[in-house]
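What follows is one structure encoded as structure tokens, with my remarks underneath.
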Amino acid sequence: MSIEIRTVENNKDLKRFVDFHYDLYKGSPYDTPALFLDEMNTLRSDRNVAFDFCESKYFMAYKDGKLVGRVAAIINHRANERWQKKDVRFGWIDFIDDIEVSRALFDAVEQWGRSKGMEAMVGPLGFTDLDPEGMLIMGFDKLGTMPTIYNYPYYPEHMEKLGGWVKDNDYVEYYLPMPDAVPEKFMKLASLIEKRYNLHVKKVTHEDIRNGYAHKVFRIINDTYKDLYGYVELTEKQIDQYVKSYMPMLDLNLITVIVDGNKDDAIAGVGLSMPSMARAMQHCRRGRLLPFGWWHVLRALKWHKTEGVDLLLVGFLPEYRAKGANALLFADLIPRYIDYGFKWGETNVEMENNNGVQGQWSSLEHVNHKRRRCYRKEIKAEK
């Protein structure tokens, strides 16, 4: 029977769109489901300020009357302007292992993109670079993380079979077994860097956040990431939304800022991390905190009843990267990880050719255990 493509037209459809992932990955030991309300708020134009410069269309695939796939088509106009592209992004891509389903979904994205004057499809990407991105192509037997996408091994197989898709960018992720103590190299280098360059550790306080310091941190993240693949600097409205939504849930002990004493303690770099929420999220039935999911989330967030820590964002301004300032960062964070009882850390996605970032793990035991890919395909003109 042929595949029927339907568009999301109302809130009821959107709930069905979001819920499909939970149904498809029910019982998976590796998938880390997102919170249902977070997904709804991200995909709704009246809740996500990224719609100030983005537009989207959501498609669902049906076979024999049953929902069997979904995809979001997104045009980020600021990104296209910044990188001189005419791209339509695809994200929130999920489908059963049926090539006709995946083909129908991508055809829908292509047709919509063409109608908007786009010249290529690229993804998986979200509205912004803080949304999960990249299709998993290695590490299918590894536990997922909240900031990333988990997908079944047949997804990249479909990309190969469909034809026309090429690699646009690869990301790598590292598993970091927790050391018993801060490596001596970090301690010596941290002491040297602090004296030589007058760089210091600053711990962010709740008063700092009330006084707008978190906004300064996000502006540094903008400056740090601005030249990386597809990145578009966050607007002030986006920064405000992220600060209000996520800062209250972060443990400030796991946030470290490096400041420059020669420049009135201007921010040189930052490291944001949080307890791994993977197992807690697996206890949230269909992404809901009720009836019992909230308890598992609270145990992980507040009482650190989890084995790992996710390194969400680590970044330094260009002038500090060659000075070894990251040694100060980890000399402060690693003892806190050990004290909390974390057994391992996991990096966020890093571009495969970003040797500077990957080099910072050289003094730690590290294993490249995951790889993910963003694909590109040219949009064909209508015949």
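Looking only at side-chain heavy atoms (C-beta outward), Arg288 and Tyr22 come within less than 4.5 Å of each other. Contact of the Val71 side chain with the Tyr58 side chain is not registered, since no non-hydrogen atoms from C-beta on lie closer than 4.5 Å. Side-chain atoms of Arg219 and Glu236, non-hydrogen and from C-beta on, do get closer than 4.5 Å to each other.
Applying the ring-ring contact (aromatic ring centres under 6.0 Å, His included) test to pairs two or more places apart or on separate chains, those with a residue in residues 27-53 are Phe51-Phe127. For the salt bridge (Lys or Arg N to Asp or Glu O under 4.0 Å) condition, the pairs that include at least one residue of residues 351-363, sequence neighbours left out, are Lys167-Glu352, Glu352-Arg371. Within the structure, the side chain to side chain donor-acceptor pair (under 3.5 Å) test picks out the following pairs touching residues 271-284 (sequence neighbours left out): Ser273-Tyr337, Arg279-Gln282. Screening residues 295-305 for side chain to side chain donor-acceptor pair (under 3.5 Å) gives Asp251-His304 as the qualifying pairs, with residues at least two apart or on separate chains. Residue pairs meeting the side chain to side chain donor-acceptor pair (under 3.5 Å) criterion with at least one partner in residues 136-159, sequence neighbours excluded, are Tyr25-Tyr155, Asp94-Tyr155, Asp97-His158, Ser102-His158, Thr145-Thr148. Residue pairs satisfying the side chain to side chain donor-acceptor pair (under 3.5 Å) criterion with at least one member in residues 321-331, sequence neighbours excluded, are absent.
Smallest separation of non-hydrogen atoms from Leu329 and Gly271: CD1-N, 3.6 Å.
Considering only residues two or more places apart in sequence or on other chains, Glu110 meets the side-chain hydrogen bond (donor to acceptor under 3.5 Å, both in side chains) condition with Arg114. For Glu133, there are no salt bridge (charged side-chain N to carboxylate O under 4.0 Å, His left out) partners two or more places apart in sequence or in a different chain. The salt bridge (charged side-chain N to carboxylate O under 4.0 Å, His left out) search around Asp131 returns none, not counting sequence neighbours. For Asp223, the salt bridge (charged side-chain N to carboxylate O under 4.0 Å, His left out) test picks out no residue, with sequence neighbours left out. By the salt bridge (charged side-chain N to carboxylate O under 4.0 Å, His left out) test, Glu184 is found to be paired with Lys188, residues two or more places apart in sequence or in another chain being considered. Under the ring-ring contact (aromatic ring centres under 6.0 Å, His included) criterion, His77 pairs with no residue at all, not counting sequence neighbours.
Taking the charged nitrogens against the carboxylate oxygens, Asp19 and Arg286 do have a contact shorter than 4.0 Å, which makes a salt bridge. Using a cutoff of 4.0 Å between basic side-chain nitrogens and carboxylate oxygens, Asp227 and Arg82 are scored as salt-bridged.
Clustering ILVMFWY residues whenever any of their side-chain heavy atoms sit less than 4.5 angstrom apart, transitively, puts Tyr171 in a cluster other than the one holding Met138. Residue Tyr175 is not grouped with residue Ile334 when hydrophobic side chains (ILVMFWY) are merged at heavy-atom distances under 4.5 angstrom, including chains of intermediate members.
A side-chain donor-acceptor contact under 3.5 Å links Glu9 and Thr7.
Between the side chain of Ser56 and the backbone N or O of Ala73 there is no donor-acceptor pair closer than 3.5 Å.
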